Protein chains: 4
Amino acid sequence: MEGVRAMTGQLRADAKRNRDQILAAARELLVNQGVGVPMEEIARHAGVGVGTLYRRFPDRVALLRALSVHTVEHMTELARSALRTEPDAWSALSHFVRECVALRLGALRSIVDPQLHTALHQSDEVRSARKELLRIVEQMIITAQADGSMRTDVGVVDVAMLVSLHLKRPFDVPGTMPEELDARLTQLMLDGLRPASASPLPGKPIALADVDWHGDR
Amino acid sequence: MEGVRAMTGQLRADAKRNRDQILAAARELLVNQGVGVPMEEIARHAGVGVGTLYRRFPDRVALLRALSVHTVEHMTELARSALRTEPDAWSALSHFVRECVALRLGALRSIVDPQLHTALHQSDEVRSARKELLRIVEQMIITAQADGSMRTDVGVVDVAMLVSLHLKRPFDVPGTMPEELDARLTQLMLDGLRPASASPLPGKPIALADVDWHGDR
Amino acid sequence: MEGVRAMTGQLRADAKRNRDQILAAARELLVNQGVGVPMEEIARHAGVGVGTLYRRFPDRVALLRALSVHTVEHMTELARSALRTEPDAWSALSHFVRECVALRLGALRSIVDPQLHTALHQSDEVRSARKELLRIVEQMIITAQADGSMRTDVGVVDVAMLVSLHLKRPFDVPGTMPEELDARLTQLMLDGLRPASASPLPGKPIALADVDWHGDR
Amino acid sequence: MEGVRAMTGQLRADAKRNRDQILAAARELLVNQGVGVPMEEIARHAGVGVGTLYRRFPDRVALLRALSVHTVEHMTELARSALRTEPDAWSALSHFVRECVALRLGALRSIVDPQLHTALHQSDEVRSARKELLRIVEQMIITAQADGSMRTDVGVVDVAMLVSLHLKRPFDVPGTMPEELDARLTQLMLDGLRPASASPLPGKPIALADVDWHGDR
DNA sequence: GATGAATGAGCCTTCATTCAT
DNA sequence: CATGAATGAAGGCTCATTCAT
């Protein structure tokens, strides 16, 4: 029984609850205060001791990695659900992107320290979660390009990198920017991906197959 | 004499040299290593002792502020020069944006800590430097919109915020992304600002006059 | 029944097995990794949870004490057996010493923290186990001195302290020292105890009766 | 000037004083409390802040290394001086050994953690200091063996390892052991090195040339 | 009883800033 | 003035021990 637990990643009920609380706390604090948040503050926020946090995630990088995977998986669900609900591929893509932005799913875009950034992505779990997401998005793109609703000189990686620029929570002095700013910027970005606007781009479309290390969350 | 010097912001030649070396070192290290760089490393890189650094800039925030002003002033020069050289307003704007991206003028976009971010902008010097830049860019925009080469539902602040998203140095695992990626993303963004692509935006254009705290560097 | 069990130090079979496994694990890890080994690692090595370890030994000192007693008792058996097997007292003594060294019976000589060391010896069990051992060794010595095979200006405590110096596992860069080193050093020590070599010693022979706190394990 | 300072290992007067105080404090605390002493306590004892300690010695291992070199150099002086003062090689050797024991020059023999031990000796400075010492001692030994005052079946490394066993400060409950104990044990050891006592040793004499990693302080 | 999760005190180390030389 | 030494607060992490399951 214990063995099965370990294999399937099951944890004792309370341990699982703690783990989830920690991830939630980390996510919130990261969004609001940047990657620098003290581990102790994350622990306190999650209602546990530091020791518990460290038992679950051996160090800061491990925590960020788990969070990263968690986020990417969330995005994958959103993408799948958009494909199901929306009438066509372009609507699905833009709906998906708007949701990601609105849900602030880019907490980890904040990571600006190169060591940390690299460490974060040296994880198969992170990489494979991202690859799965990108595969779905690539399908959306190919379909949208086929039916003429999207410019054809871009690949998933172009799109992923572009979108990821919009996923960083902007730390503006609160209240000085209109609510709709995020939505406006996102729409401007999406408009740039339409065929009508296409002006020549340097280089060639970058597809999933063209990079080793695939896009960024 | 000393008094005049102080008043006009003149410094003795070597002092000026020190100041410039420090700013250059800070800029380089910030770009390459993120905002975490120790003051001592900046000093070493600049070839001075920490003491000297602190004499010039009372604390870390002051240094970052100075760097911010310096960068914005650099951008202002680029904008002016683009207006002079380019045939029309839209070319000027896009040329200017491409230059900023290429020169990695967004080192401080890296700042992700909200306290720090706020502190940075609580400076009249920073604010007025930015206001000056935005005034010029606003002129470009208005002209470009008047001659039909730019969509009319955006304001400077929209554009500034959008551009600023592209100014952050992307910390990718080195060598995995094609050289042209930055240029491609920039072009996609510019294409989104063209009239051909315009789809309805939520809210209204945000102009310089619409915000208290004006855009972001 | 339970009462009798408790009194006679009997434990249920599995409990006894646990206890022994823990002691064995502790001994091995102590020998190989120094006194710093985490309790949790000892438990894991013994194939039990920490909880079990703590049920058996209320704290780290208690564990070390038990180990100490265990070791001393082992030495006592070796001494007795040597007396039975060897033709004379000196052979018995030297055989016994060589065995102790070879079996690395000095794991706890590693204890270098004075608080810990003191705590360890503030235990009647430890003290009486050691006293028993020393009584036997004292017999060997007296007999050997009487038949002229050992110098007469030393007492058990001298010998015990001397031997104990050789019981610490030497942490050398593995493989750089010849296998026989331990045996060579032990022999050099034994040779120093022979009458032929005797040169005057400061002070007087220290016998069991001369000290309060008797020798060292 | 500064350059010269760096090259010759010269420090500003106050810095040098601090460095010495730190080494002295470390030595004392190590002798009395084992290698576990908190860095902070060493700093306090030396009358400086932790920061200062860490500026001088980047980490605990560096401090221990410095101390090790310092000690070995001290021993080297003692050995040289003994050679000068004593009438013959054997007297020089035994005088030297007695002095080392009396001065408690074995604080670092306390190091029982194998990682730490290894780390300590992965230092050219430590190794070359030790090699120099061992060369001198080897001379003493060869000469003493030549004039018949020392058994001929041992090499420096044998002697060094043997002596090093006696250099660890014994942590006995204070006051329970007679003052002369150390001197008695040392004498017993020296007697074992005399020709009169020689009984056959397993293996062959281990000389400086026979090991890669040379003895242990 | 056994297990391993949770706790938190404590040590190590870094770095912004101050101050003696 | 420039320098770099000193300081100490703050954060990361470990591990002995307790306690819920």
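Below, chains carry the letters A, B, ... as their sequence lines are ordered, and counting in each starts from 1. Predicted model, so just to flag it, every value in this text is computed and none were measured.
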Could you check B:Gly47 against C:Val61 and say which one's nearest nucleotide on DNA chain F is further toward the 5' end?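 On the 5' side of the pair lies B:Gly47.
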Starting at the 5' end of DNA chain F, which residue's closest nucleotide do you reach first, C:Asp59 or A:Val50?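 The residue closer to the strand's 5' end, by nearest nucleotide, is A:Val50.
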Scan C:Arg60 against the nucleic acid and name what it touches under 4.0 Å (heavy atoms): base, sugar-phosphate only, or nothing.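 Result for C:Arg60 = sugar-phosphate.
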What is the nucleic acid contact for D:Val48, judged by heavy atoms within less than 4.0 Å: base, sugar-phosphate only, or nothing?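 It contacts sugar-phosphate atoms only.
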What is the distance, rounded to the nearest whole Å, between atom [atom1] of [X] and atom [atom2] of [N]?
X	N	atom1	atom2	value
B:Arg19	F:dA2	CZ	C1'	18 Å
D:Leu53	E:dT13	CG	C1'	11 Å
C:Glu40	E:dT7	CD	C1'	13 Å
D:Arg17	E:dT21	CZ	C1'	12 Å
B:Ile22	F:dA2	CD1	C1'	11 Å
B:Phe57	F:dA2	CZ	P	12 Å
C:Met39	F:dT18	CE	P	10 Å
D:Leu64	E:dC12	CG	P	11 Å

Using modelled atom types and a 3.5 Å cut-off, is there a donor and acceptor pairing between side-chain atoms of [X] and backbone atoms of [Y]?
X	Y	value
C:Thr71	C:Leu67	yes
B:Arg65	B:Ala119	yes
C:Arg127	C:Gln122	no

Using only side-chain N and O atoms of [X], determine if any of them is under 4.0 Å from OP1 or OP2 of [N].
X	N	answer
D:Thr52	F:dT7	yes
B:Arg56	F:dA2	yes
A:Arg55	E:dA5	yes
B:Asn18	F:dA2	yes

With sequence neighbours left out, which residue pairs that include part of residues 46-55 of chain D fulfil the side chain to side chain donor-acceptor pair (under 3.5 Å) condition?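 Every candidate side chain to side chain donor-acceptor pair (under 3.5 Å) pair involving residues 46-55 of chain D fails, so no pair, neighbours aside, qualifies.
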When the nearest nucleotide of DNA chain E is assigned to B:Pro58 and to D:Gly36 on a heavy-atom basis, which residue is associated with the more 5' position?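 Checking each residue's closest nucleotide, the 5'-ward one belongs to D:Gly36.
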Which residue lies toward the 5' end of DNA chain E, D:Tyr54 or B:Pro38, if each is placed at its nearest nucleotide?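 Checking each residue's closest nucleotide, the 5'-ward one belongs to D:Tyr54.
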For B:Asp20, give me all partners under side chain to side chain donor-acceptor pair (under 3.5 Å), at least two apart in sequence or on another chain.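 With sequence neighbours excluded, B:Asp20 shows a side chain to side chain donor-acceptor pair (under 3.5 Å) to B:Lys16, given in chain and number order.
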DNA chain F in dot-bracket, Watson-Crick or G-U pairs under 3.5 Å, [ ] crossing, | other strand? .||||||||||||||||||||
Between CG on residue D:Leu23 and CZ on residue D:Arg56, distance to nearest 0.5 Å: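 It is 11.0 Å, given to the nearest 0.5 Å.
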Within the structure provided, determine whether A:Asn32 and A:Val37 are in side-chain contact (heavy-atom separation under 4.5 Å).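 They are not in side-chain contact.
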Going by heavy atoms in the side chains, are A:Val69 and A:Glu73 under 4.5 Å from each other?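 Counting from C-beta outward, A:Val69 and A:Glu73 do come under 4.5 Å.
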